[in-house]
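Data block below; observations after.
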Amino acid sequence: MKIEQAYTIVTSPGRNFVTLKIVTDEGIYGIGDATLNGREQAVVAYLDEHVIPALIGKDASAIEDIWQYLYRGAYWRRGPVTMSAIGAVDMALWDIKAKAANMPLYQLLGGRSRERVMTYAHCTGKDIDSCLSEVERHVALGYRAVRVQAGIPGIPTIYGVAKREGERYEPADAEIPAEHVWSSEKYLHHVPQLFAAVREHFGHDLHLLHDVHHRLTPIEAARLGKAVEPYHLFWLEDCVPAENQESLRLIREHTTTPLAIGEVFNSIHDYREMIQNQWIDYIRTPLTHGGGITHVRRIADFAALYHVRTGFHGPTDLSPVCLGAAIHFDTWVPNFGIQEHMPHEDLTDQVFPHDYRFEDGHFLVGEAPGHGVDIDEEAAAKFPYKRASLPVNRLEDGTLWHW
Ligand SMILES: O=C(O)C(=O)C[C@H](O)[C@H](O)CO
Ligand SMILES: [Mg+2]
């Protein structure tokens, strides 16, 4: 089965998405998500200019060889743009292989390890009270796990909190990066109060997650981890920028709060020390940014040796294609932890018809051959790309800080 045609589809039904479609000479096609929030066109250029021309004529069933060709052969290895391009190719080829085998992707990976996939919702609010009502609303929808993010007194705008109650949080909100202001002190003072209030109102069965978004120093993250121990979080996410993997050792030595890292990582090498030393508990790299199923499966298997579980990144800035493939992966992977769920807009779901279902706080995987997600190219053409950038973040004295 040869690759006869491959092309990128850029569409913006609610926000920008990049999809790669690969068509074989037997008429079977597969699609992959190549969306990299705020850098979409970089991945399009990488695919159109440097990947697609080399794919034409290759054996579509040779997934591993194509992965190695695009990874080792790139010379300039790794990085979010390269690995998102490889991720989209890999996702499309696994989609093709499962369709050719006439089975849902999770069966091709090794079959079910679970009947359904636990998800967590985003519960955000400008203050603690509005956060509590969002938690109430999501518990009523059946979620067993919620990520809780609130506005911080004295900080005008903060990541992870929707601008208006009940709305989605969309970080890429301006053509040119908006500038946010940050204060670790104000944040560190407020967050333990937020979780005390959530536990007081909802008890101890609900899984609580929180995303620090890389903004603390290791000792500050250790302080926060200790401060929230009484509220036993499911995880504290991205508590420090983790290029320096050693940072996690210091935090680990101070707190038993579980740690999740890696939505901005794109290869096994980004994690190796952290996993080997059991400094983290969950890996976050999504299939798109992690080089696809072929590579993320390796990361998950390596993580399993050290009791580390998966917790895929699943924001609205990954398309339903990535989410659909992730739900198949989540249904198979033995060391599954949890799947992030930021529901896409209806407009997005119209462009990306899919057979996964959300029910009672969980995803149920579909049985259609492949990953069960398609793209309506006619509908996609109605939504032209519009540049949207993630903000930058500064301390109160103007210092450019982690985002
Ligand atoms: O969903 C999360 O955990 C995030 O951190 C969301 C990110 O800000 C978003 O995906 C960046 O594009
Ligand atoms: Mg995050």
Side-chain angles (χ1 to χ4, degrees), residues 12 14-18 33-43 80-81 83-84 87 119-124 134 138 143 145-150 157-163 167-175 177-178 180 182 187 191 207-216 221 224 233-242 248 258-266 270-271 280-290 310-323 326 337-345 348 386-393 401-403:
S12 194
R15 54 150 297 109
N16 294 321
F17 296 107
V18 180
D33 180 20
T35 307
L36 182 62
N37 199 6
R39 297 292 182 272
E40 291 86 358
Q41 296 295 5
V43 185
V81 173
M83 298 305 278
S84 296
T119 69
Y120 70 88
H122 279 229
C123 295
T124 77
E134 276 296 280
H138 284 89
Y143 285 95
V146 291
R147 164 183 140 151
V148 183
Q149 310 282 142
T157 311
I158 188 160
Y159 72 94
V161 177
K163 289 189 172 51
E167 275 192 6
R168 279 174 184 73
Y169 149 61
E170 170 48 71
D173 58 2
E175 265 211 69
H180 290 176
W182 174 253
Y187 168 81
V191 167
H207 293 306
L208 301 183
L209 299 85
H210 184 67
D211 190 348
V212 186
H213 236 268
H214 322 281
R215 299 181 174 215
L216 298 178
L224 179 61
L233 268 56
F234 184 90
W235 81 34
L236 191 63
E237 175 185 343
D238 284 343
C239 54
V240 289
L248 277 297
L259 303 174
I261 289 269
E263 73 179 51
V264 297
F265 287 174
N266 44 74
D270 296 325
Y271 285 106
I280 59 171
D281 303 276
Y282 297 93
I283 54 174
R284 294 271 290 143
T285 302
L287 297 177
T288 294
H289 302 155
T310 64
F312 282 161
H313 190 209
T316 42
D317 52 83
L318 287 165
S319 88
V321 181
C322 183
L323 180 55
I338 199 164
Q339 170 65 50
E340 181 170 2
H341 181 211
M342 283 175 79
H344 289 101
E345 297 189 34
T348 303
K386 185 176 179 306
R387 185 195 300 134
S389 303
L390 294 170
V392 299
N393 190 35
W401 194 243
H402 311 304
W403 192 88

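First listed ligand is number 1; within each ligand, the first listed atom is number 1.
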Given the options Val18, Thr288, Leu323, Leu287, Asp33 meets side chain to side chain contact (heavy atoms under 4.5 Å, CB included) only with Thr288
**Request:** Return yes if some donor-acceptor pair links the side-chain N/O of Tyr120 with the main-chain N/O of Gly311 below 3.5 Å, else return no.
**Result:** no
Sorted by chain and residue number, the residues with a non-hydrogen atom under 4.0 Å of ligand 1 are Asn37, His122, Arg147, Tyr169, Pro171, Asp211, His213, Glu237, Glu263, Arg284, His313, Pro315, Asp317, Glu340, Leu390, Trp403
Between Glu237 atom OE2 and Asp211 atom OD2, the angle centred on the Mg ion (ligand 2) rounds (to 10°) to 90°
Checking His210 against Glu237: is there a side-chain donor and acceptor pair closer than 3.5 Å? no
*Answer yes or no: is there a donor N or O on one side and an acceptor on the other, between the side chain of Asp281 and the main chain of Leu259, under 3.5 Å?*
yes
task = Evaluate salt bridge (charged side-chain N to carboxylate O under 4.0 Å, His left out) for Arg284 paired with Glu340, printing each intermediate quantity in order.
result = CA-CA 9 Å; Arg284 294 271 290 143; Glu340 181 170 2; 2.7 Å; yes
| task | Hey, can you tell me if Trp235 and Tyr282 have their rings parallel, tilted or perpendicular (30° and 60° cut-offs)? | result | tilted
Would you say the ring centers of His213 and Trp403 fall short of 6.0 Å from each other?
yes
Checking distances from the Mg ion (ligand 2), one finds that the N, O or S atom of Glu263 closest to it is OE1
